[in-house]
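Shown next, in structure tokens, is the structure this report addresses.
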Amino acid sequence: ITSIKSCFAVSIVLSGLGAYMLARELFGSRAGTVAGLIYLFLPYRLLDVYTRGDLAESLGLAVLPFVFWGFWRVAQRPTVGRAMAAGTTLALLIVAHNLTAVFAIPMLGGFILVAVGRRWTQARIIGLGLAGFAALLLSAAYWVPVVVESAAINSTALTEGFYDFHGRFFTLENVFQRGWAYDYRFDVGMGLVFSTSRVQAIAVGIAAAWTLVAPTRNRRLVIAGLITICFLLWMEQAGSTWLWDRLPFVRFLQFPYRMSIYITLATSMVLGSLAGSRPSSDRAGGLNSSGVSLSAAGGLALGIAAVLVISITSMWQILSAREPTLESQVSLPTLWRVEQTRKLIATSTHLDFIPKWTPDDIFGPTPPLGSRHPTSENVPAPIVTARWLGPLELAATVDNVQPGLLTFDRIYYQSWQATIDGQAALLAPVGRLGLISLAIPAGVHEIRLTADGTPVERAALLVSVIGAVALTVYWVWRIRKRQ
């Protein structure tokens with residue numbers, strides 16, 4: 001529990017830091033402080049920690065602002081160092097939470113288009129392209145097997161039944177929560193389905209009005225952020241079904257409320273802009289006795305008010321209703337009971353990533369180690385003596401009276417490799433559970449099974465390792481050059 005809580009704590013701290021750095025680049029240091037605090041306290045950020053317990057998505061929310069920060073810096077002044085840093089952040093997002101990356105990448109493209117405008121140069125194109133290439137290179141160990149080998153697994157479990165987005169849209173009356181203090185429960189009958197906070201919506205509305213009447217640094221980006229929030233809110237309700245059906249990969253987001261990932265970041269930037277520095281041409285606002293623009297003072301006051309109101313209304317229910325998790329409640333037997341009851345395999349989706357040659361329910365009875373399909377009832381079973389047994393490796397001695405087929409209590413994947421007396425042997429799935437089977441000749445033999453990865457997986461991992469080594473060498477060279 002302590003290690004998991006530590007990971008969540010790190011993700012929370014990184015979230016605030018990333019939002020601060022992004023907003024500081026866009027609107028100034030005061031805006032960075034306001035945006036960082038708001039990003040920490042917006043309900044969906046806290047929901048991942050205290051309700052859903054989704055560590056991967058929490059880490060994705062932490063990395064997300066760094067991605068936009070990195071690519072903004074490349075777009076403003078492209079250098080090799082900035083491109084490498086931006087590519088690293090995008091690679092981390094892909095690896096940390098690929099579902100967040102699904103929609104973040106096209107949003108990042110739109111952000112860059114708005115940020116650059118008509119100021120495209122060859123250096124910017126090369127810098128942004130280099131950043132994208134670095135991201136693909138560093139994350140190849142993940143996405144290459146997904147692209148090449150996904151046909152071998154059951155990915156439909158991720159998008160069917162409970163996880164089919166068609167039945168998960170908000171009704172118009174549920175797009176925003178009805179209460180002022182955010183309710184973190186999930187209860188469809190009560191209209192509690194992780195929708196956007198009412199306070200958050202009102203704060204964004206005030207920021208939109210302020211943007212129209214007060215000079216704002218990078219106003220074009222603020223307006224783009226407001227349009228993005230409206231679009232994503234529309235994507236959460238049933239009227240957007242036709243677009244979900246046509247956009248590739250979006251179905252893997254599963255729940256329309258996941259648009260709140262991006263609404264949260266856009267909201268923090270829009271509200272942070274309230275406290276941002278004014279354009280140098282700001283004269284209409286006048287100056288107070290301290291020489292500070294009145295519009296800047298008013299925006300800062302609104303930003304501080306937004307931080308206070310959002311933090312109070314977001315934390316109110318958590319402080320009054322949260323229950324502590326004890327170390328005694330978490331153990332392997334507990335995990336096994338949860339998996340058996342919910343039919344999960346250390347995941348949150350029933351039978352996801354099971355190979356297509358396994359049509360039966362894997363939670364039914366399975367043949368024990370060493371069992372086989374005999375050709376005759378009078379043939380004695382082979383004697384199997386296990387010397388080493390692990391999740392991804394098995395070593396055993398087999399004494400077989402005649403050639404036969406051994407089955408093992410492991411689901412066959414193409415990553416499994418086998419040897420008999422040190423010589424490579426073929427494996428294949430058998431039965432409706434798709435268990436590993438190995439043809440054993442008569443006699444005493446040493447067998448070994450290992451899950452070393454497919455050739456594609458090993459090649460993709462090698463590409464990522466080479467990319468990481470090259471990146472490390474570059475940064476070491478750069479640091480030494482500066483010294």
Side-chain angles (χ1 to χ4, degrees), residues 1-73 85-101 104 108 138-139 182 184 194 197 200 203 258 260-273 275-276 303-304 306-319 322-325 327 330 475:
I1 294 299
T2 301
S3 62
I4 294 175
K5 287 182 177 179
S6 299
C7 290
F8 274 115
V10 169
S11 74
I12 292 172
V13 173
L14 288 178
S15 294
L17 178 61
Y20 165 79
M21 293 174 67
L22 175 58
R24 185 185 64 178
E25 287 284 338
L26 300 180
F27 311 114
S29 58
R30 291 196 304 268
T33 302
V34 170
L37 291 172
I38 288 176
Y39 193 61
L40 286 177
F41 288 108
L42 281 172
Y44 196 84
R45 184 70 194 86
L46 299 174
L47 185 146
D48 266 349
V49 177
Y50 293 103
T51 301
R52 299 184 65 233
D54 193 333
L55 180 57
E57 189 170 286
S58 185
L59 291 172
L61 278 162
V63 177
L64 188 60
F66 285 101
V67 175
F68 283 79
W69 168 80
F71 277 83
W72 164 266
R73 283 167 55 84
T88 301
T89 60
L90 182 54
L92 287 174
L93 179 63
I94 293 172
V95 173
H97 195 241
N98 52 82
L99 292 182
T100 298
L108 179 63
L138 293 171
S139 60
Y182 195 84
Y184 291 87
F194 304 155
S197 161
Q200 179 180 343
R258 277 201 165 115
S260 291
I261 296 172
Y262 318 104
I263 293 174
T264 297
L265 180 59
T267 297
S268 67
M269 294 300 109
V270 167
L271 297 182
S273 72
I304 293 173
V307 171
L308 293 175
V309 173
I310 287 175
S311 61
I312 291 172
T313 56
S314 296
M315 294 293 293
W316 192 268
Q317 294 280 8
I318 291 178
L319 295 175
R322 74 180 181 92
E323 297 181 1
T325 302
E327 290 282 355
V330 179
W475 284 113

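Computed from a prediction, not measured in an experiment: that's the story for all the values here.
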Taking [X] for its side chain and [Y] for its backbone only, find out whether a donor-acceptor pair lies under 3.5 Å.
X      : Y      : answer
Tyr184 : Ser314 : yes
Tyr39  : Leu61  : yes
Ser58  : Leu55  : no

Rounded to the nearest 0.5 Å, what's the gap from [atom1] on [X] to [atom2] on [Y]? Could you check?
X      : Y      : atom1 : atom2 : result
Leu26  : Trp72  : CG    : CH2   : 5.5 Å
Ile94  : Leu99  : CD1   : CG    : 12.5 Å
Thr313 : Leu42  : OG1   : CG    : 9.0 Å
Ser273 : Leu271 : OG    : CG    : 7.5 Å
Arg258 : Asp48  : CZ    : CG    : 8.5 Å

Any side-chain heavy-atom pair of [X] and [Y] under 4.5 Å:
X     : Y      : answer
Leu46 : Tyr182 : no
Leu93 : Phe66  : no
Glu57 : Tyr44  : yes

Go through the steps to decide whether Ile12 and Leu40 satisfy the test side-chain contact (heavy atoms from CB on, under 4.5 Å), and finish with yes or no.
CA-CA 7 Å; Ile12 292 172; Leu40 286 177; 3.6 Å; yes

Residue pair [X] / [Y]: nearest heavy atoms and the distance that separates them:
X     : Y      : result
Val34 : Gly303 : CG1-O, 3.7 Å
Ala96 : Ala56  : O-CB, 3.6 Å
Ala86 : Thr89  : O-OG1, 2.6 Å
Ala31 : Ala23  : O-CB, 3.7 Å
Phe8  : Ser11  : O-OG, 2.6 Å
Arg45 : Ser15  : NE-OG, 2.8 Å

Let me check something: any side-chain donor-acceptor pairs from residues 260-269 under 3.5 Å, sequence neighbours excluded? List them with distances.
{"from": "Ser260", "atom 1": "OG", "to": "Glu236", "atom 2": "OE2", "distance (Å)": "3.1"}
{"from": "Ser260", "atom 1": "OG", "to": "Tyr257", "atom 2": "O", "distance (Å)": "3.2"}
{"from": "Tyr262", "atom 1": "OH", "to": "Thr100", "atom 2": "O", "distance (Å)": "2.8"}
{"from": "Thr264", "atom 1": "OG1", "to": "Ser260", "atom 2": "O", "distance (Å)": "2.6"}
{"from": "Thr267", "atom 1": "OG1", "to": "Gln200", "atom 2": "NE2", "distance (Å)": "3.1"}
{"from": "Thr267", "atom 1": "OG1", "to": "Ile263", "atom 2": "O", "distance (Å)": "2.7"}
{"from": "Ser268", "atom 1": "OG", "to": "Leu265", "atom 2": "O", "distance (Å)": "2.7"}

Do Gln317 and Tyr50 have side-chain atoms, one donor and one acceptor, less than 3.5 Å apart?
no

With sequence neighbours excluded, tell me which residues meet ring pair (Phe, Tyr, Trp, His ring centres under 6.0 Å) with Phe68.
Phe111

Arg24: partners by salt bridge (charged side-chain N to carboxylate O under 4.0 Å, His left out), with sequence neighbours left out:
none

